[in-house]
Amino acid sequence: MIKLYGFWRSLAAYRVRIALRLKNILFEETEVDLLAGAQFKPDFDALNPQHAVPVLEHEGQHLIQSLPIIEYLEERFPAHPLLPTDALGRARVRALAQIAASDVHPLIVPRVRNFLSAEMGLDEPQKLRFIQHWFGMGSAALEAKLAREAETGTCAHGDSVTMADVVLASHVVGARLFKTDLSNAPTLTALVDRCLAQPAFDPGRLTQGH
Ligand SMILES: N[C@@H](CCC(=O)N[C@@H](CS)C(=O)NCC(=O)O)C(=O)O
């Protein structure tokens with residue numbers, strides 16, 4: 001049985017959960033309470049010295065980083081593909097995914113937010129401004145790409161759900177959690193809202209505040 005080490009408030013674990021569900025892969029989830037500091041305990045450090053979720057356990061191996069985990073699932077469980085068959089398509093899907101997962105999300109994770117308050121002295125409104133700024137920048141770039149490019153369909157790439165939709169869903173759910181104004185990203189929010197209507201994209205408690 002595949003095991004996902006995740007947390008209800010983790011956008012990165014949410015991405016892997018969506019991919020597992022879209023591929024109909026049975027898994028069990030162990031919660032790593034990030035709010036209680038469980039990511040720093042020795043037993044979790046042994047799994048991921050980066051002290052972050054998700055970690056995916058499969059066949060005795062432990063994989064980290066949501067995008068490589070999704071790519072691994074794609075290779076090991078090819079049914080219900082999350083990547084296009086053509087190289088250009090795969091590059092576009094990966095680029096959309098990385099705008100959100102590699103360029104925006106790392107700026108708003110708990111360790112960065114904690115550093116901003118503990119080391120830089122930012123108060124809550126200042127931290128929120130920082131978070132909304134980066135979600136806004138990423139959303140503007142995603143909107144421009146999605147609105148301009150002919151490859152965009154009812155989903156981010158064509159009319160079938162890909163890894164791009166998985167990651168864009170986590171981006172929009174996160175942006176809304178931090179009350180980012182997304183009114184200038186109608187293409188992005190419309191396609192994510194179509195995804196969120198599917199059971200595989202259920203964000204669970206993620207929408208319940210931060
Ligand atoms: N790039 C990583 C991000 C992993 C990450 O930072 N996860 C967050 C939760 S979304 C975490 O566990 N943070 C712990 C902390 O910041 O202390 C991925 O996509 O898996």
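Counting starts at 1 for both ligands and their atoms, following the listed order. It should be emphasised that the depicted structure is a prediction, and the values quoted were computed from it without experimental measurement.
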Main-chain N/O of Ala79 paired to Lys23 side chain as donor or acceptor, under 3.5 Å: yes
Any donor-acceptor N or O pair under 3.5 Å, side chains Gln39, Gln50: no
Salt bridge flag under 4.0 Å for residues Asp193 and Arg176: yes
Side-chain donor-acceptor pair present, Arg17, Ser170, cut-off under 3.5 Å: no
Protein residues having a heavy atom less than 4.0 Å from any atom of ligand 1: Ser10, Leu11, Ala12, Arg15, Leu34, Gln39, His51, Ala52, Val53, Pro54, Gln65, Ser66, His105, Val109, Pro110, Arg111
Ring geometry between His58 and Tyr72 (parallel below 30°, tilted from 30 to 60°, perpendicular above 60°): perpendicular
Donor + acceptor pair across side chains of Glu57, His62 (<3.5 Å): yes
